[in-house]
Structures are given as structure tokens and as C-alpha cells.
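Notes for the one structure printed next.
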Number of protein chains: 4
Amino acid sequence: MNSPTPRRQVFRLSREQRVAEIMSAAREVFREKGYEDAPLSDIAERAKVVEGSIYRYFENKRDLLVKVIEDWYEGMLADYDLQLAGIRGTRNRLRFMIWRHLSTIHEEPALCNLMFQHLRTGGDYSHTAVHELNREYTRRTLDIIKEGIEAGELREDVPLRLVRDMIYGCTEHRTWAYLRGEGDFDPDATADMIVDLVLSGLERRKPQQPATPDLAERLERAVARLETMTGSAAP
Amino acid sequence: MNSPTPRRQVFRLSREQRVAEIMSAAREVFREKGYEDAPLSDIAERAKVVEGSIYRYFENKRDLLVKVIEDWYEGMLADYDLQLAGIRGTRNRLRFMIWRHLSTIHEEPALCNLMFQHLRTGGDYSHTAVHELNREYTRRTLDIIKEGIEAGELREDVPLRLVRDMIYGCTEHRTWAYLRGEGDFDPDATADMIVDLVLSGLERRKPQQPATPDLAERLERAVARLETMTGSAAP
Amino acid sequence: MNSPTPRRQVFRLSREQRVAEIMSAAREVFREKGYEDAPLSDIAERAKVVEGSIYRYFENKRDLLVKVIEDWYEGMLADYDLQLAGIRGTRNRLRFMIWRHLSTIHEEPALCNLMFQHLRTGGDYSHTAVHELNREYTRRTLDIIKEGIEAGELREDVPLRLVRDMIYGCTEHRTWAYLRGEGDFDPDATADMIVDLVLSGLERRKPQQPATPDLAERLERAVARLETMTGSAAP
Amino acid sequence: MNSPTPRRQVFRLSREQRVAEIMSAAREVFREKGYEDAPLSDIAERAKVVEGSIYRYFENKRDLLVKVIEDWYEGMLADYDLQLAGIRGTRNRLRFMIWRHLSTIHEEPALCNLMFQHLRTGGDYSHTAVHELNREYTRRTLDIIKEGIEAGELREDVPLRLVRDMIYGCTEHRTWAYLRGEGDFDPDATADMIVDLVLSGLERRKPQQPATPDLAERLERAVARLETMTGSAAP
DNA sequence: GATGAATGAGAATTCATTCAT
DNA sequence: GATGAATGAATTCTCATTCAT
């Protein structure tokens, strides 16, 4: 009847290798086509497996997406810590975080879109490992601010989480057009602007209490005069 | 699917009425099911027309979505101006803008999701009337800040557009979880926090220790009197 | 790019006609291949529509099956009543019912299998129109038995529904092998056997009444006495 | 799907033990999910082997099903004979057979469904060991009836196989709803009803018909004698 | 102006089965 | 003897969109 379909050449890989192959292929295809427009068949083809094989390792298409983003995040986080370790000072460290986020968006707009549009909006997001990784990711920013407070550089009443939302919200809002494929932006310049703006509201008003030092001086001087008059000297 | 050809009662409506009916139905269905999961058949059914008729008034599904959001925005903007007209003071006006945005998200999370996920991310967004409306919408915020600067309340070097991104970015970032269906938030309290944080970085810092200057003056005057009494002049 | 796929020749039919076409095609294909082995694509092809069109009229494959059987049943029931009207006598009418059931199995083994294996066993069967039709179908048998009782031909304590189960159960059990594709059976002869067996347990045992033996004895004794009296002995 | 290659602990079992493990797992899974909805992977998992291993002991999924039912039947038959040995009297023994069948259905509806829907309907059924076992199973019923005839309790002209079909057909028909998951039934009461109905058609009408002809003859003869005595002749 | 029948093209998914190791 | 990676082939179902009537 019909000749027994000749089995394609089978390459046997370990689970880890195969998973890596598929995720790598998926990352590429998702990057090129987005989520909805990326057929599993494309991913399978690029990973050199049949579609069905993907389901051995991933529950479904969404699971594959989640894992791809997860994998990407993990790589990034390791990098973060490495670089952050060499940076000192609240402003510098904060600027690095913002710049890094902007750079990521700049370099991987497609994956970021995946994250922003498909993962973060899903009802199951908070049960996701990506969610956890993201907390990890933004926690560094919180830590930097906390350290700034402890070092006396920042006001003590800074609403931590709101500042974090402000930083990331501002960063992303700034890049919507770019993510949409319109125009470009300069991560360096943008990072400078954002860090300036953010810190302008958080830094201790040392130079800025111009009235206060004057007052203190004047009071001290007045007191000194009184002291002179009364003949009592400071010890 | 099953019923014996329900000879549809044809209601003749004016073009405007028909369009309104369809948009109203679409808004409901989109609100309930989102974009992808809202079949045109559902919308047609609810609007009491057949699917084909929708194409008489709208180019395609996306066009319908765009029009629905557009319509919604228009209603909102009129409202904005009305209310904003009665509010005085940079802080108050800014707080209103933020509070209003938060309230909208709070009341219409589904439509906001549509806007954030489906419209704003589309490559064609910037050619959209919604885009224009949105500029309109955020322009009011810019105007308020400008007025604040002109009134001398805000620093002169405020990076206007970045502040706008900060306001809206922060606002939206704050509400992601809610938009995802998790938990709740209080628009009033959140608006207060955000406006505080934003203004803390923008306000002119002279008049900012309002108590202090008075005190300084009174003290100085008191000291002067003392000096007068003792007949000793400052050096 | 790719030339706009030339639309196939579209034949427009009324809903009723199209439904009839599809059901007819489905009946054939189901008959030939059974349920599981009948791809919708085959049915679509034979009905000269595309697969998707089937879903305009039927919720899913199972719904199509249900409707096909339903349609078939409806035709049968009309026939039943017509023929039954011309038959008199409990035995004859009962025999007709049994014979008709056997004939149906004999003529449409495949559709019967569909009914027995796929419909009757489904958890949703009792909410089905087929279920209702089937009740209708077997109700005639109950009626015949009831009439037999009222006419004094059958015992009054006949457990109606159990008898129905016995008739249909026996009939079907007899035909399992045939339904499986093994051998053949003669509906006429089988009907005769079954009706005999069934009625043998249901018919009034006119002479059999337990009162009779007593009566017989008493009569015999009376006769014996008469004989004694007359002095004549039995031969 | 997800776990990091769980280096499976390999338990070496004898062929018999392994087969038993798999069959036991399969019986459970089939019971819970039916045939079509039971993936081999589930069975393998529960049997603590990999899917491929099942093919070492069973030709394919259907073979596994057949073996599972076979195994189940074997257990039942042994039981039957044991219990039947202690029961005397045609009615009692027949009732036991019916009751036992009903009880089996009552206790193992899922396995019975497997048997009724999947095995008995397959074209290969009659070449199956289950078929043979089933003949064995129903042969006991035939034997009981035969013994009843030989003992003079039952009519001599009982159509043996038809009676068997009637018994099992009735029994099963009665329980379709239960097998479908609707409602319940009482095996004891049902067995009583069925055995009554069946025997009502099979039992010798000793007291009844055989007496009757005798009586009639004797009466006629007595009447004839009386007539002789009285000198009046029949016309 | 409206209807609603029909299209079409895919897209995800499932699993029994095989076979290299 | 067992593993478990990989296959493959089909199959159901969904819907936006078109267009003859």
C-alpha cells in the first residue's frame, strides 16, 4: 500500500541538550515573529525536531514562552550582579540599573515586548518563575535606594516601592515608541535624565536648604553677641 | 447553530445609530473577553446585526477595537476638562490628573488593558486617532507643569516630557497587578503618594521650609531688640 | 506575493438544505467508518463544503453524530406507526416490534453500532433528543403489552419495564455477533422465537389456574361417586 | 515534563511480576479514564516503568486492554464456581448467576463498560481469549437450564441460547443507565425480578397444563359415562 | 442596505509506537 | 532487559472575512 514512511534521521540528544535547542530556536522565532505569529512548526523546524517533540519538554506554547523568557532573565541577572559589584555610590549604582534596563530594551525590544505584553499581563504571571526573577531584578534597585538612605544620601521618608515603580514605569514609558518600532533612543542620555529626575526628589536637601544654614549662622552669631554682652563665654 | 432559521426582524436604523449599537456591543464584549477572545459573532449578536454588517461600518476587527477605544477616550476627555476647570493650584491640578488616571484604571481595567496591550503596542498606533487623543490627554499634564513653572512654583529646568513619562509610567506600573486581576488599590491614596513623590523633585526648594523663614525672622527681630536694649550693635 | 487563492465555486443553499447535505454525507461516512475513524474532512468533502462550514450547523463532531442518529430515528418512528396501525392482536403487534428492531439491526448494523456504542453510553445521553426518541420507540412496546393485559390476554402482574428490557436486551444480545460483522441472522425466525419465549411467560395460563387442580379433584371425586352410585366402573 | 531527568531507579522484577504490575496499573487507569482517554504514559507511570517497556510485554494498547479484562474474568470465574457449588435448585442457581452478573456490573461499572463497548464490539473479539472466557461464563447458565430440564422442572422445548441471551440481555439493558453513571439499582431486587420473569416462561406447567388435558379427558369420559347411563347421546 | 452562507488556512495538540543506546 | 528520546500523522475546531442574493 503506502510505503512505510522513511523515518527521518534521528539525532539523539540528552534532555538538557534538546531543551536547550528548542529554547534557543523558540527565542529566535519569538524574537522575529512575536508570540501569536510564531507557529510551533517554525520553532520545531528550527530546532530540528518535529512539533510533537516540543510537547515532551513543554506543556504548551505558553509554557515554552515562559521558559524562554525565564532563561533569558537568568542570564541577565547573573550579568547584573557581576557588573554592579564594581560600581560605587548611590547615584552611579542607580544609574547603572536604569541604564541596564534601557540597554536591554534597546538590544532586545522583541523579547521585552514578549515580557511586557504577554507574560506580565497574564493572570498566571504571579505564579511564574519569571515573576520571581523579576522581583529579584527590581529588588536590586530597592537595595540601592535603601543603602542610599542608610548612607544618609537620600531622604529617610522615601516611599521605596513607589520609587521603584517610578523608575521602571518611567523607563518603559519612555521606550514605548521604540518598542513599537518607531524611532530610537539613547540609553546613556536617557539614563542620565532619569537618574537626575529621580534623585532630584530623593536626595537630602543639603545644598538646597540655603535658608537654613543662613539662619543657623545668624542665630549663632546673635547668640554669640548676647554672650558677649552678658559676659559669658562658650567653653 | 440549531434554531430553525430565525427570520431576523430587520430594524432599520440610521448609520449613526447602527454604528453606536455596534460600538456599544463591542465595548461590552471586549470588556468581558478581551480582544483575541472576543469573536465578532458575539459582538454581532449583541448588536443585533449579522457579522457581515459590521464590515459595512468598520474595516476589520482591529478597526472596531480602535474605534471603541477612541469613543471611550472622547467621553473621558470632555469630562476631564470639565472637572479640571474647577481646580486651582499646580499640586491640586496635577493630583487630579493622576487620580483621574488611576480611577479610570480602577473602573475600567479591561478597557485599559485593551489600550495598553493591544493598541499602544501596535505598529500603527501612532497613525491612530487614539494616539492623538492620548497626546491630548497627556498634554493637559504637561500644561499643568508648565503653568507651575511659569507661576514660579516649579523649578525651571524640569524636563517636561520625562516628567510626564514618570507620572504615567509610575501610575501604570503601580497598577499592573490590579490590571492582571490581582488585589486592589486605592486611587486616592495612590494619587497622593505619587503627587508627593513627583513634586518633591520638582518644586522650588526656597519656600519649602515655610515654618523656618518666619521663625528666623522673628528670632532675628527678637535678637535685634535685645541688641537695641543692650545698645550693642552687630559688627 | 502569493496570488489570492482562487475561491472555490460556491454553491449557496438554504440552511435546511445544507444541513441535510451534511447530515446525509455524515450518515454515509459514519456508516462506512464508524465514529472515531471518520474524519470530519471526509464528511466535508462528501458534503461538498469545507470542514469549517460544518461548525456553522453543528457544535462539534459528537453533535453531528447525535443529529444524524436523531434524524434516522425520526424517519423510523414515522414508519413504525404507519405499519403498526395495520396489525391486530397482542402477539402480532409485539412480533412486529421485535421483528422491526431486528430488521433495523439487520439493515443498518453500522448505524446501530453507533447508537449502541457511542450514543447510549455517553454520559449526556439522557439529555439527548435521541434518548427521548428512543423512549418513544420503546413506549410502543409497553403500550402493546398494556393493551394485552387490558384485553385479558396477558397476566396482570407483568413487570412492564422489565419485559421491555427483556425484549430489547434479548434482541440485541442475539445480534452482537452480527453487529461485530460475524455471520448473519434471520430477522423473521428470530422474531418468532423471541416473541414465543416472551409470551410463554406472560400469557394467561387459562387452564393453568391453581384453582383448577382442586376443582378437578372435586369433580373427579363427584364423578366417582356418581359412578359408584350407578355401579358403572371406568373402563 | 519538567523535572531534571529523574534518573529512574530500576527495579528488576521477574517477567511475571512486571506483567502483573503493568496490568494492575492498567486496570486502575482504564477504570478511571476508560480506554480512549487513558494514555499509555499514565499506565507506565503508575506501573513505574517507561512507556516503551510496556511493549515488551504487550503487543499494543488494545492487547493490554484485552489482557486486563481477561485477567479480571479469570478471577471472577474461579469465584463463580466456588460459590455456585454450594447452591441447589434451578431457581436458586439461576438467580445466583443473574445476581452475580448484576453485582459485577454494580461493583465494576467501568470495567464492564470496557468489556461491553470496546471488547465485545471489536471485530477480533471472537478470536479473543476473553470471548472464550465469556462463553465459559455464560455456559454455566446454559448448564443450569439444562439441568432444570433434565430434572423435569423446566419445559423440554426451552430454546437454550435464546434464554441465555434473554437473561444477559435483560440484565444489561436494565443497567445501561447505571453504566452511564445515572442513578443506581439494587442487584438483589433486580435479580429476583428477572429470575421470576424468566422462569415464568420456562417452568413446567405441571400442575397446570398437564393436569388440564387429563381433567378434560376424564370429565369428558365421565360425562360420556353419565350420558350412557342416562341414555342420552351427544348429537 | 442588509443578510447570512460559505470560506480557508492554519494551529495547537495528542499519543501510540519505535528504536538507538 | 530496560530506557526514554523522538517520531509522525492526523484531527478537531476557530474565526475573521467575503460576497452572492
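Protein chains get the first letters and strands the later ones, always in sequence-line order, with residue 1 at the start of each. Not measured: the values here are computed from a predicted model.
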- Query: So, B/Thr128 side chain and B/His131 main chain: donor-acceptor pair closer than 3.5 Å or not?
  - Reply: no
- Would a distance-only check, ignoring hydrogens and angles, find a side-chain to backbone donor-acceptor pair under 3.5 Å from A/Lys61 to A/Ala38? yes
What's [X] touching, base or sugar-phosphate or nothing? Going by heavy atoms closer than 4.0 Å.
X       : result
D/Arg56 : base
C/Leu13 : sugar-phosphate
B/Ala38 : sugar-phosphate

- Can you see which heavy atom on A/Glu21 is nearest to which on A/Ala47, and at what distance? OE1-O, 3.7 Å
- Note on the structure: Between A/Ile54 and C/Arg62, whichever has its closest DNA chain F nucleotide further toward 5' is A/Ile54
From the options [options], select the nucleotide whose nearest atom is closest to the side chain of [X].
X       : options               : answer
A/Leu40 : F/dG8, E/dA12, F/dG4  : E/dA12
A/Glu51 : E/dT7, F/dT14, E/dA12 : E/dA12
C/Pro39 : F/dT11, E/dT18, F/dT3 : F/dT11
D/Tyr55 : F/dT17, E/dA2, E/dT17 : E/dT17

- Residue pair A/Lys61/B/Gly52 against DNA chain E: nearer the 5' end by closest nucleotide is B/Gly52
Rounded to whole angstroms, how far apart are [atom1] on [X] and [atom2] on [N]?
X       : N      : atom1 : atom2 : value
D/Glu36 : F/dT12 : CD    : C1'   : 15 Å
C/Glu45 : E/dG8  : CD    : C1'   : 15 Å
A/Gln17 : F/dA6  : CD    : P     : 9 Å
B/Ile43 : F/dT17 : CD1   : C1'   : 14 Å
A/Glu59 : E/dT14 : CD    : C1'   : 14 Å
A/Leu64 : E/dT13 : CG    : P     : 10 Å
D/Asn60 : E/dC15 : CG    : P     : 17 Å
C/Tyr35 : F/dT11 : OH    : C1'   : 11 Å

- Query: With B/Gln117, which of B/Leu119, B/Thr121, B/Asn113, B/Leu114 fulfils side-chain contact (heavy atoms from CB on, under 4.5 Å)?
  - Reply: B/Asn113
When you compare the side chain of [Y] with that of [X], does any pair of heavy atoms fall below 4.5 Å?
X       : Y        : value
C/Val49 : C/Arg18  : yes
D/Met23 : D/Tyr57  : no
B/Trp72 : B/Cys112 : yes

Verify the contact: side-chain N or O of [X] to OP1 or OP2 of [N], cut-off strictly under 4.0 Å; return yes or no.
X       : N     : answer
C/Arg15 : E/dG4 : no
B/Ser53 : E/dA2 : no
B/Tyr57 : E/dA2 : yes
C/Arg18 : E/dA6 : yes

- Note on the structure: A correct dot-bracket answer for DNA chain E, with pairs being Watson-Crick or G-U at under 3.5 Å, [ ] for crossing pairs and | for inter-strand pairs, is .||||||||||||||||||||
Report all side-chain donor-acceptor pairs from residues 25-37 of chain A shorter than 3.5 Å, counting only partners two or more places apart or in another chain.
| from | atom 1 | to | atom 2 | distance (Å) |
| --- | --- | --- | --- | --- |
| A/Arg27 | NH2 | A/Asp71 | OD2 | 3.1 |
| A/Glu28 | OE1 | A/Arg46 | NH1 | 3.0 |
| A/Arg31 | NH1 | A/Glu108 | OE1 | 2.9 |
| A/Arg31 | NH1 | A/Glu108 | OE2 | 2.4 |
| A/Glu32 | OE1 | A/Arg46 | NH2 | 3.2 |
| A/Glu32 | OE2 | A/Arg46 | NH1 | 3.1 |
| A/Lys33 | NZ | A/Asp42 | OD2 | 2.6 |
| A/Tyr35 | OH | A/Arg62 | N | 3.1 |

